[in-house]
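For reference, the structure is listed below as structure tokens.
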Number of protein chains: 2
Amino acid sequence: MTKKTTIKDIADKLEVSPSSVSRALTNEPGVSDDLRERVFDAASRLNYIPNSSAKSLKTSRSKTVGLIVSDIRNPFFLDFMSGVERVLFPREYKFIVCNTGEDRKKEEIYIKWLIGQGVEGILSSPYQDGSNENNALLYRRAMKNNIPVVFYDRLLKEIKVIDSVTLDNRQAIMNGVMYLRECGHERIGICLHRRGIYTIEERYAGFLKACEILRIEVIEDWIIDDATDPVEASKRLKMILGRAHRPTALISTNQYINELLLRVARELKLSVPGELSLMGFDDLSLNDLVDPPITTIRQPVSDMGKIAATLLMGRIDGDSVDRSTVVLKAELLKRESVSVLSGP
Amino acid sequence: MTKKTTIKDIADKLEVSPSSVSRALTNEPGVSDDLRERVFDAASRLNYIPNSSAKSLKTSRSKTVGLIVSDIRNPFFLDFMSGVERVLFPREYKFIVCNTGEDRKKEEIYIKWLIGQGVEGILSSPYQDGSNENNALLYRRAMKNNIPVVFYDRLLKEIKVIDSVTLDNRQAIMNGVMYLRECGHERIGICLHRRGIYTIEERYAGFLKACEILRIEVIEDWIIDDATDPVEASKRLKMILGRAHRPTALISTNQYINELLLRVARELKLSVPGELSLMGFDDLSLNDLVDPPITTIRQPVSDMGKIAATLLMGRIDGDSVDRSTVVLKAELLKRESVSVLSGP
DNA sequence: TTGTAAGCGTTATCAA
DNA sequence: TTGATAACGCTTACAA
């Protein structure tokens, strides 16, 4: 095991002072070209790698941001992260991924750790459960400590000072319901992933609103309000679909549910869309290779990532514009899992 | 903007020395229960968050590891990361995700940055292109600096001292080819994602080996050796499949290719598996909802993550056992995209 | 049990 | 243009 090279090693080797080496390395003015060159040369020969702990301790700038994700297994984050990375990397910012797994405590641990790490900003999809428990306090504290936060995908309603990028979830579902209505569907159910989560609540609200406008009767029983346990959710779904009076169309609220719905339909040997229409949420490229290709509400996820990262970079650069709340539009990909009903 | 609370603030408030506060906070012995309690109390009232830069500068332990991934958009990493996270989080280790996007230069930048960050270990799926360019030197340097490295998914052949977890890629493809042979297929093509990549080369070698053993003729023309550009690859595939003498079965080497193959078959209106059999690689849960459900070679990805992380933790704890090279077995999920050919 | 002081690797201020 | 020195926030001998 060799010791790591430090500025001091370079200084000793060149018989100059550490401060000159530092100046040379950071491209500060006030170093002769000759010395600068010799420093760079020695640095590369000695395999010098700057110690970011020391650097960030001294300058309190770490070129690092935190990315808090609610569930890393959700394909959503693949696209989101790649959007984020595309804006961060060219600016030499790195990001630390923190997976909270929808656990408030974990989120808390991570926020504190990120602040302690000296990140210059935080991108977060915050957690909030049915009982309104959340980490608003911690996000406020980060802001107070001059660490800008940008929320993406989800909001914390009580915080009115944090930039955000979200989807127009209500409108997205409303468009979906309207499309179903156009296709003749009046018996519509919805499968919510989990109550309390911002996006899910918004999507649910959009559903209710659309039903109201279109005078579609909302059947309590056709609303699955928790699909975190797929086995339980399947059971309920099967019960609902097993009855004579059953929905002709089901709306999903994320990619997990898309699959769940499809599987249940298969198990029940219900033909899709013949006997049951399905509308998905979140598009995976496989969704149109599925049997049948699923009509899906698609979010511009990668754009969301780029915008969130861009907002954050702006704040780090000291933009003092008003709070930005970007709301993106969803797109309805009409494929074949929704049937056109002829008569009533 | 408020200033962050430091140990010194707590010390001042309590009128004790910073060292006592430090001892209390880190649960070191030699502090009275009374003082410890008061310290914790003050820390929480002052919203104290330890500064990890200072801590890691001093102790050179950061409780952080680096995770280098070759392409963050590959669903593989979802499962892999969640496996990693499951072993790291309980041990209070965090991980920094570095996406190299199959770019040697980016990988280099990240490795250096990780070392500079003071990570205690690195999990990496290293890049190596056709011309054998890679960052072996840097990984060696990390090891020399006492930063253990564990390779997963891919290896660098010239490095014989680094722990690894990989799939038995050759056997995986060999089993696939054997299965095709059992089903009566003798005209088999393969679509490689990109030459030079360790896993792809291994899978290709497995293919050749199986063909040799089973006396299957290898038709050069039926080997797509670069599918990084899907448009180009589609064209070639269409040419091959458009001819009278064409393969009856095609093997894929990752999830991207699975989709590509399926799409091409659709465009050509070739029925699968009637006119063309398809064997996928890497399983996505959607693969069995696709039309037709795809027979797929599945890797135990999440296990790979757990094992890689466990090996790394072991090294960090100072295990000085010999190099571990864990090789995992793939599983062949027989679904419906492979037909059984009756006669010749 | 508590305090003092040095030092981790940098950068920034000031003086030479 | 260069060098000495202090400081960032923390830990850790060692002394009290």
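Reminder, nothing fancy here: chain letters follow the sequence lines and each chain counts from 1.
The backbone N or O of A:Val149 sits nowhere less than 3.5 Å from a side-chain atom of A:Asp163 that would complete a donor-acceptor pair. B:Ser70 places no side-chain N or O within donor-acceptor distance of the main-chain N or O of B:Ser125, the cut-off being under 3.5 Å. Put simply, the side chain of B:Asn145 never gets that close to the backbone of B:Ile147: no donor and acceptor are under 3.5 Å apart.
When the side-chain nitrogen and oxygen atoms of B:Lys8 are compared with OP1 and OP2 of C:dG3, none of them lie within a distance under 4.0 Å. For the OP1/OP2 pair of C:dG9 and a distance below 4.0 Å, the side-chain nitrogens and oxygens of A:Ser53 include no atom meeting the criterion. Between A:Ser17 and D:dG3 there is a side-chain N or O to OP1 or OP2 distance below 4.0 Å.
In this structure, A:Ile49 places its CD1 atom 16 Å from C1' of C:dT10, rounding to the nearest Å. Counting to the nearest Å, the P atom of D:dA4 and the CG atom of A:Asp12 are 12 Å from each other. As rounded to whole Å, 7 Å separates atom P of C:dG9 from atom CG of B:Leu57. Taking atom CG on A:Asp9 and atom C1' on C:dC8, their separation rounds to 13 Å, with Å as the unit. We find that CD1 of B:Ile115 is positioned 15 Å from P of C:dG9, with the value rounded to whole Å. Distance, B:Glu15 CD to C:dG3 C1': 14 Å, rounded to whole Å. Taking atom CG on A:Leu14 and atom C1' on D:dG3, their separation rounds to 15 Å, with Å as the unit. B:Lys4 has its NZ atom 14 Å from the P atom of D:dC8, to the nearest Å.
The pair B:Glu133-B:Lys105 does not meet the salt-bridge criterion, since no charged nitrogen lies less than 4.0 angstrom from a carboxylate oxygen. A salt bridge between B:Glu85 and A:Lys106 is present, with a side-chain N of the basic residue lying under 4.0 Å from a carboxylate O of the acidic one.
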Inset, instruction - Sugar-phosphate means primed atoms, P, OP1 and OP2; the rest is base. With that split, encode nucleotides 11-16 of chain D 5' to 3' as B, S or - using protein heavy atoms under 4.0 Å. - result: BBB---
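Under 3.5 Å, the side chains of B:Arg141 and A:Asn47 contain a donor-acceptor pair of N or O atoms. Under the 3.5 Å distance criterion, with hydrogens and angles disregarded, no donor-acceptor pair is assigned to the side chains of A:Ser164 and A:Tyr152.
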